[in-house]
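Taking it in order: structure first as structure tokens, then the write-up.
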Amino acid sequence: MRHMRQKLHSIANIGLDIWDNLDNLEQILLTYMINRGPASRSELANYTNKSIGTIVKRLNNLLKMGLIDAEGKTYAPNRTYKFIFR
């Protein structure tokens, strides 16, 4: 039930048209950041049980779409990503 509320909260913040164009992993990453705040690559990799490389590809796509922002140097291990509320 909580997962469904978090998903609906994410859709409300992003918009259904954009949400439908995201793949499942991108939706999971955004939902995590919307509900828990800024997160590092390793935190997201641990949460999703995916490799850092897979997470970085999805984060780069979300950055290009303007849905998230990154804080810290590109290759810094403590770089964090956060959702940009509209």
Side-chain angles (χ1 to χ4, degrees):
M1 187 67 167
R2 187 180 88 193
H3 177 70
M4 181 57 77
R5 282 194 313 266
Q6 290 176 339
K7 182 178 176 180
L8 291 173
H9 183 230
S10 298
I11 293 170
N13 280 291
I14 296 168
L16 188 58
D17 54 331
I18 296 172
W19 182 262
D20 285 341
N21 288 319
L22 301 174
D23 69 22
N24 187 52
L25 183 54
E26 290 167 338
Q27 292 174 353
I28 291 169
L29 296 175
L30 279 176
T31 299
Y32 185 90
M33 288 183 275
I34 288 169
N35 290 290
R36 297 194 182 187
S40 67
R41 294 176 287 234
S42 60
E43 182 180 348
L44 294 168
N46 287 335
Y47 177 73
T48 60
N49 205 23
K50 302 289 182 184
S51 72
I52 297 271
T54 299
I55 296 301
V56 168
K57 287 178 188 176
R58 296 314 196 292
L59 290 172
N60 286 337
N61 187 40
L62 295 171
L63 282 166
K64 287 178 190 172
M65 294 176 72
L67 296 173
I68 63 172
D69 191 24
E71 294 183 4
K73 295 188 180 192
T74 303
Y75 298 107
N78 60 348
R79 185 177 192 186
T80 59
Y81 300 84
K82 65 179 180 178
F83 176 71
I84 301 172
F85 285 93
R86 299 174 183 216

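Counting from 1, the numbers follow the sequence of the chain as shown.
We find the CZ-CD1 distance between Phe83 and Ile14 to be 5.0 Å, quoted to the nearest 0.5 Å. With values rounded to the nearest 0.5 angstrom, Ser10 atom OG is found 9.5 Å from Met33 atom CE. Thr80 contributes atom OG1, which lies 4.5 Å from atom CD of Glu71 (distance to the nearest 0.5 angstrom). The CG atom of Leu59 sits 4.5 Å away from the CD1 atom of Ile68 when rounded to the nearest 0.5 Å. Separating the CG atom in Leu22 from the CG atom in Leu62 is a distance of 6.5 Å, to the nearest 0.5 Å. Atom-to-atom distance recorded for Lys57:NZ and Asp23:CG is 12.0 Å, nearest 0.5 angstrom.
At least one donor-acceptor pair under 3.5 Å links the side chain of Asn21 to the backbone N or O of Asp17.
For the side chain to side chain contact (heavy atoms under 4.5 Å, CB included) test with Leu30, the passing option among Asn35, Leu67, Asn13, Ile18 is Leu67; the others fail. With Ile52 as reference, Val56 is the one residue of Thr54, Ile55, Val56 to meet the side chain to side chain contact (heavy atoms under 4.5 Å, CB included) rule.
Nearest heavy atoms, Arg79 versus Ala70: NH2-CB, 3.0 Å. When all heavy atoms of Gln27 and Trp19 are compared, the pair lying nearest together is NE2-O, 3.0 Å.
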